[in-house]
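The chain is numbered in sequence order, starting from 1.
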Amino acid sequence: MKVICSSDESLFRPEVVRWRERMSMMTPIGDVVVVLPCSMKKPYSNSQSHQKFRRATKGYQELIVTSPFGICPREMENTFPIQSYDVAVSGDWNEEEIRLAGELLRDYVGDKAVIANVDGGYEEVCREYLDNCTYVCVDGRPTSPESIFNLREELKKYPKTKHKDRVLNELKSIAKYQFGLEAEKIITDDVVTKGRYHRNIYSKGKQLALLNRDIGLYTLNLEGARRLAELGIHIVEIDFDLKTNSLFAPGIVNADLTILPKDEVAVVRNDEIVAVGKAVLTGKEMMESRNGIGVKIRHRKKN
């Protein structure tokens, strides 16, 4: 589904605001952050410009600056809605765009070194909000051979991060974005991934979730839901024996008020996971409604 961002009001669309709020939870890995411009094609890695960037930046933390979403760490580029928004890339930024992106950029990089291969409004953001930054773009052309050469030369000063560390960082970042800051704990250091496109996430031989690469979000299995429930996140409580794949609102005793429609939820009875599914109503609506489906169940615990 395309997210159309064609006016200044797009800065305040609910999904855009939520994205920026969740980006404040993200942290970079490694010793240096490479700042890059966005592209018309989404996800960014599908564009010719980012394919050039990625050949030079493999093994380093990349961060894309974009409006109206502000920033996008490379590992989050397949996540909805950043993977499907549609906006004209003019390079001209107004003061509010610069401020919103700049504050996120500054807080994200912290005290790490920054190499910026940007021009136009992207460069304005960096120069206004970053103190420790090296600029490598030549003649306003980030994809030129000269700019890419400068980028490679600067990156030689810093060690690359290990592939395993980058994978773990991606999996934890997606968990934080989808469920909240504490949710990175559901991705333990022993996890392994299987799959050439969609990725099955396993820990100690049990599947936690499927990472759907089309939307960049998790679909939980019972074990993943159990870990989520242990953290007290996205819980729906019932007090009866669940025997169907539709959990109706009148049967819900309690629900996490942060739950939104289409969120993954853990269904609990007597502090034990009995099912996992997708919310149809908000947590508040589950508590207040006298009819209708609250959760569509995907997996139920076998008795």
In the structure I gave you, are the side-chain heavy atoms of [X] and [Y] within less than 4.5 Å of one another anywhere?
{"X": "V34", "Y": "E154", "value": "no"}
{"X": "S147", "Y": "V136", "value": "no"}
{"X": "T57", "Y": "L151", "value": "yes"}
{"X": "M25", "Y": "Y177", "value": "no"}
{"X": "W19", "Y": "C72", "value": "yes"}
{"X": "C126", "Y": "V118", "value": "yes"}
{"X": "Y129", "Y": "I98", "value": "yes"}
{"X": "D239", "Y": "R269", "value": "no"}

Using 4.0 Å as the upper bound for N to carboxylate O, is an ion pair formed by [Y] and [X]?
{"X": "K204", "Y": "D190", "value": "yes"}
{"X": "R226", "Y": "E223", "value": "yes"}
{"X": "K185", "Y": "E230", "value": "no"}
{"X": "E170", "Y": "K164", "value": "no"}
{"X": "E15", "Y": "R18", "value": "no"}
{"X": "K172", "Y": "E75", "value": "no"}

Task: CA sep, side-chain torsions, deciding dist, call: T219, R298, side-chain contact (heavy atoms from CB on, under 4.5 Å) - done: CA-CA 10 Å; T219 300; R298 184 170 55 257; 3.1 Å; yes
Test of understanding: clusters of I, L, V, M, F, W, Y form through side-chain heavy atoms closer than 4.5 Å, transitively. Do [X] and [Y] belong to the same one?
{"X": "V114", "Y": "I148", "answer": "no"}
{"X": "F53", "Y": "Y122", "answer": "no"}
{"X": "I297", "Y": "M286", "answer": "yes"}
{"X": "L63", "Y": "L168", "answer": "yes"}
{"X": "I82", "Y": "L105", "answer": "yes"}

So which of [options] actually passes side chain to side chain contact (heavy atoms under 4.5 Å, CB included) with [X]?
{"X": "V16", "options": "P81, S67, P68", "value": "P68"}
{"X": "Y60", "options": "K160, R166, R54", "value": "K160"}
{"X": "V236", "options": "L247, V268, L281", "value": "L247"}
{"X": "I71", "options": "V35, L104, L100", "value": "L104"}

Restricting to non-hydrogen atoms, name the atom on [X] and the atom on [Y] that form the minimum distance, rounded to 0.1 Å.
{"X": "E264", "Y": "V276", "answer": "OE1-CG2, 4.3 Å"}
{"X": "I233", "Y": "E182", "answer": "CD1-CB, 4.1 Å"}
{"X": "Y158", "Y": "I115", "answer": "CE1-CD1, 4.1 Å"}
{"X": "H198", "Y": "L210", "answer": "CB-CD1, 3.8 Å"}
{"X": "I64", "Y": "C38", "answer": "CG2-CA, 3.5 Å"}
{"X": "G283", "Y": "A255", "answer": "O-CB, 3.8 Å"}

Got a donor-acceptor contact below 3.5 angstrom from the [X] side chain to the [Y] backbone?
{"X": "R20", "Y": "L11", "answer": "yes"}
{"X": "R290", "Y": "A249", "answer": "no"}
{"X": "T282", "Y": "L260", "answer": "no"}
{"X": "E97", "Y": "N94", "answer": "yes"}
{"X": "E237", "Y": "V253", "answer": "no"}
{"X": "T79", "Y": "G216", "answer": "yes"}
{"X": "N212", "Y": "D214", "answer": "yes"}
{"X": "K42", "Y": "M40", "answer": "yes"}

Rounded at 0.5 Å granularity, tell me how far [atom1] in [X] sits from [atom2] in [Y].
{"X": "I29", "Y": "N169", "atom1": "CD1", "atom2": "CG", "answer": "4.5 Å"}
{"X": "Q51", "Y": "S45", "atom1": "CD", "atom2": "OG", "answer": "8.0 Å"}
{"X": "T193", "Y": "L208", "atom1": "OG1", "atom2": "CG", "answer": "11.5 Å"}
{"X": "L242", "Y": "N245", "atom1": "CG", "atom2": "CG", "answer": "7.5 Å"}
{"X": "N117", "Y": "C137", "atom1": "CG", "atom2": "SG", "answer": "5.5 Å"}
{"X": "E184", "Y": "M26", "atom1": "CD", "atom2": "CE", "answer": "9.5 Å"}

- [ ] Report the C-alpha separation of Y202 and K194 in whole Å, then their side-chain angles, then the decisive distance to 0.1 Å, and conclude whether the side-chain contact (heavy atoms from CB on, under 4.5 Å) test is met.
- [x] CA-CA 8 Å; Y202 291 87; K194 299 180 181 180; 3.9 Å; yes
TODO: Show your reasoning for whether side chain to side chain donor-acceptor pair (under 3.5 Å) applies to R227 and T188.
DONE: CA-CA 10 Å; R227 293 188 179 195; T188 47; 3.1 Å; yes
Open item on the list: Does I174 form a side-chain contact (heavy atoms from CB on, under 4.5 Å) with M76? I'd like the steps, not just the answer.
Closed with: CA-CA 7 Å; I174 293 170; M76 298 298 296; 4.0 Å; yes
Task: Within 45° cone of Y135 ring axis and under 6.0 Å: R127 NZ or CZ - done: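 Yes, a cation-pi geometry holds between R127 and Y135.
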Open item on the list: Is it true that, when you exclude K52 itself, more than 12 heavy atoms of the residues, nucleotides or ligands shown sit nearer than 6.0 Å to its NZ?
Closed with: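 It does not: K52 NZ has 12 such atoms or fewer within range.
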TODO: Start with the C-alpha distance between E124 and R99, add both sets of side-chain angles, then the distance that settles salt bridge (Lys or Arg N to Asp or Glu O under 4.0 Å), and finish with yes or no.
DONE: CA-CA 10 Å; E124 287 184 60; R99 182 185 69 81; over 6 Å; no
TODO: Could you label the plane-to-plane angle of the F179 and Y218 rings as parallel, tilted or perpendicular, counting under 30° as parallel and over 60° as perpendicular?
DONE: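 Aromatic pair F179/Y218 classed parallel.
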- [ ] Begin from the C-alpha positions of W93 and E123 and carry the test side-chain contact (heavy atoms from CB on, under 4.5 Å) through to its verdict.
- [x] CA-CA 10 Å; W93 293 48; E123 185 174 348; over 6 Å; no
Open item on the list: If only side-chain N and O atoms count, and only distance matters, is there a donor-acceptor pair under 3.5 Å linking S49 with S47?
Closed with: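 Distance-only check passes for S47 and S49.
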Open item on the list: If we count only N and O atoms by modelled type, under 3.5 Å, do the side chains of Q207 and N200 hold a donor and an acceptor together?
Closed with: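 Yes - a donor-acceptor pair under 3.5 Å links their side chains.
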Open item on the list: Just to verify, which of R74, E62, K41 counts as forming a side chain to side chain donor-acceptor pair (under 3.5 Å) with H50?
Closed with: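 Passing option: R74.
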